[in-house]
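No hydrogens, no waters, no symmetry mates; every other heavy atom, side chains included, goes into these values. Values in this document were obtained by computation on a predicted structure and should not be read as measured data. Throughout, protein chains are lettered first and strands after them, A, B, ... in sequence-line order, and every chain is numbered starting at 1.
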There are 2 protein chains.
Amino acid sequence: MTEKPRKRADAQRNELSLLDAAAATFVAAGVDAPVRDIAAKAGVGVGTIYRHFPTRADLIVAVYRHQVEACAEAGPALLAANTSPHAALAQWIDLFVDFLVTKHGLAGALRSDNAAFQTLHAYFLDRLVPVCGQLLDAAVAAGEIRDDLQPITLMRGVGNLCIGAENNPDYDARRLVDLLITGLRLK
Amino acid sequence: MTEKPRKRADAQRNELSLLDAAAATFVAAGVDAPVRDIAAKAGVGVGTIYRHFPTRADLIVAVYRHQVEACAEAGPALLAANTSPHAALAQWIDLFVDFLVTKHGLAGALRSDNAAFQTLHAYFLDRLVPVCGQLLDAAVAAGEIRDDLQPITLMRGVGNLCIGAENNPDYDARRLVDLLITGLRLK
DNA sequence: TTGTTAAACGGAACAAGGTTCCGTATCGTA
DNA sequence: TACGATACGGAACCTTGTTCCGTTTAACAA
């Protein structure tokens with residue numbers, strides 16, 4: 001039962017190089033950076049990228065997995081630390097916005113209907129929507145907000161608002177997200 | 001002074017065909033449809049497209065100009081027809097959302113930082129931001145909403161919320177825009 | 001009508017990026 | 001050390017945007 005087809009040493013090495021190179025390239029040129037650039041920076045051929053990460057989304061997910069996990073785990077923690085669930089929700093959304101606006105092009109990729117980004121989309125949604133739902137439910141239960149907004153709609157809306165938010169002087173995504181969360185309140 | 005370098009008959013004809021073909025193609029395949037497809041549908045070579053419409057944005061603007069103008073003109077009309085400027089604002093935004101969500105891919109194009117879409121961006125902003133500003137000012141003057149939101153930020157936010165809204169069952173852009181406008185209210 | 005010319009046309013050619021494929025190199029093991 | 005499986009590299013191919021130039025055609029004057 002315990003399969004153990006351990007990967008070859010060179011394959012493990014390359015996977016690491018690729019992750020490093022991708023992280024660096026994403027910072028410098030955004031998550032849409034050419035595959036060839038990433039391969040070159042990692043010192044491998046393009047074939048090697050596709051072997052390890054069949055789609056760009058797989059690579060992006062691998063690079064940001066830790067941060068997404070951290071965000072997901074912050075949800076319950078914030079709920080526990082705040083007396084007002086609405087405040088916890090606002091803080092959590094803020095965390096999510098922080099994450100998105102510092103990853104050049106990520107919000108846009110999340111939105112893309114390109115098949116290659118399907119995995120990315122699915123991962124973010126699977127991991128974060130339940131957390132968002134928890135916060136939303138708590139706020140509804142506390143009578144702080146309206147009860148007719150689906151977690152997935154909120155997540156998508158916030159994601160959309162973050163598109164193109166990086167270093168754009170006359171577009172304040174955080175501000176808009178804040179208005180959205182405010183609009184959620186009853187009364 | 002009155003220059004009259006009238007265009008050649010074939011050029012005028014082709015421009016019309018192109019506009020028709022583009023409109024049809026945009027409906028069927030979105031505003032990102034391949035240039036070659038549009039050229040083929042119009043029965044002209046790709047060179048002819050570029051001669052008439054140097055960038056894709058020029059073509060998009062030409063196709064949707066009438067509708068954008070109509071939207072712009074609806075602003076003052078709604079203000080005059082409503083006793084509450086906030087209600088007028090909500091209705092106007094609704095018109096804008098209607099326009100965007102029925103044009104597959106347009107909201108995304110509006111957001112693109114690709115140089116080719118610069119003109120599109122500029123046209124929409126030039127034409128609609130002042131109208132939005134007028135509505136916003138009136139609502140502020142009536143004491144209905146907070147006074148610290150720039151028209152351009154609002155327009156961009158609404159545009160962003162409309163990205164990917166076409167036939168997507170679990171994403172209700174209109175709903176989110178509504179929350180945003182609600183969040184604007186004082187109290 | 002016909003000749004001349006500037007305007008406009010078509011589409012081949014080129015560039016850029018994604019993706020596939022297969023001959024070659026390397027690893028792990030007997 | 002030899003051998004099979006695994007992984008690698010990068011050329012080649014596809015799609016889409018964009019440019020360029022030889023050819024066609026509309027406009028107009030003689």
Side-chain angles (χ1 to χ4, degrees), chain A residues 3-22 25-26 28-62 104-105 108-109 112-120, chain B residues 3-22 25-26 28-62 104-105 108-109 112-120:
Chain A
E3 294 300 304
K4 197 199 70 158
R6 205 170 69 260
K7 260 197 289 208
R8 256 171 56 170
D10 54 349
Q12 293 185 46
R13 233 182 304 123
N14 279 329
E15 185 162 333
L16 255 333
S17 311
L18 240 11
L19 244 18
D20 280 355
T25 305
F26 288 169
V31 299
D32 295 313
V35 176
R36 276 177 249 258
D37 289 0
I38 301 173
K41 172 156 288 192
V44 305
V46 287
T48 300
I49 286 205
Y50 282 96
R51 199 165 311 107
H52 287 281
F53 305 99
T55 71
R56 180 185 294 273
D58 295 307
L59 184 52
I60 297 177
V61 168
H104 185 179
S112 164
D113 50 2
N114 181 327
F117 290 98
Q118 187 51 42
T119 316
L120 181 66
Chain B
E3 294 300 305
K4 198 199 69 162
R6 204 170 69 262
K7 259 197 289 208
R8 258 169 55 167
D10 55 349
Q12 292 185 47
R13 233 182 304 123
N14 279 329
E15 185 163 333
L16 255 331
S17 311
L18 240 11
L19 243 18
D20 280 355
T25 306
F26 288 169
V31 299
D32 295 313
V35 177
R36 273 176 252 259
D37 289 359
I38 302 172
K41 173 157 288 194
V44 305
V46 287
T48 300
I49 285 206
Y50 283 95
R51 199 165 311 107
H52 287 281
F53 305 99
T55 72
R56 181 185 293 274
D58 294 308
L59 185 51
I60 298 177
V61 168
H104 186 177
S112 165
D113 50 1
N114 181 325
F117 290 98
Q118 187 51 42
T119 315
L120 182 66

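To the nearest angstrom, P of C:dT19 lies 11 Å from CG of A:Asp58. A straight line from CG of A:Asn114 to P of D:dT15 spans 15 Å, rounded to a whole angstrom. Put simply, CG on A:Leu18 is 14 Å from P on D:dA7, counting in whole angstrom units. Across the protein-nucleic acid pair, B:Glu15 atom CD and C:dA8 atom P stand 10 Å apart, rounded to whole Å. Following rounding to the nearest Å, B:Leu16 (CG) and C:dC9 (P) show an atom-to-atom distance of 13 Å. Remark: P of D:dG17 and CZ of B:Phe117 are 9 Å apart, rounded to the nearest angstrom. Taking atom CG on B:Asp10 and atom P on C:dC9, their separation rounds to 5 Å, with Å as the unit. The distance from atom CG of A:Asp37 to atom C1' of C:dG18 is 12 Å, rounded to the nearest whole Å.
Nearest-nucleotide assignment on DNA chain D puts the 5′-proximal partner with B:Ala116, out of B:Ala116 and B:Ala9. Nearer the 5' end of DNA chain D, as judged by each residue's closest nucleotide, is the contact made by A:Gly47, out of B:Tyr50 and A:Gly47.
Listed for the B:Asn14 side chain is no donor-acceptor partner under 3.5 Å among the backbone atoms of B:Ala11.
Between B:Thr48 and the phosphate of C:dG10, there is a side-chain N or O to OP1/OP2 separation shorter than 4.0 Å. Between A:His52 and D:dC8, a side-chain N or O to OP1/OP2 separation shorter than 4.0 Å is present. One finds a side-chain N or O of B:Asn14 lying less than 4.0 angstrom from the OP1 or OP2 phosphate oxygen of C:dC9.
A donor and an acceptor atom never sit less than 3.5 Å apart when one is taken from the side chain of A:Arg56 and the other from the base of C:dG17. No hydrogens or angles were tested; on distance alone, nothing pairs the side chain of B:Arg36 with the base of D:dT15 as donor and acceptor under 3.5 Å. One donor-acceptor pair, N or O on each side, does fall under 3.5 Å between the base of C:dA7 and the side chain of B:Arg8.
Among the nucleotides C:dG10, D:dA11, D:dG9, the one closest to any side-chain atom of B:Arg51 is C:dG10.
A distance of 6.5 Å separates NE2 of A:His52 from CG of A:Leu18, quoted to the nearest 0.5 Å. Once rounded to the nearest 0.5 Å, the distance linking CG of B:Asp20 with CD1 of B:Ile38 reads 12.5 Å. In this structure, the separation between CZ on A:Arg56 and CD1 on A:Ile49 is 8.5 Å, given to the nearest 0.5 Å.
Nearest heavy atom pair, residue A:Glu15 against residue A:Phe53, reads CG-CZ, 4.0 Å.
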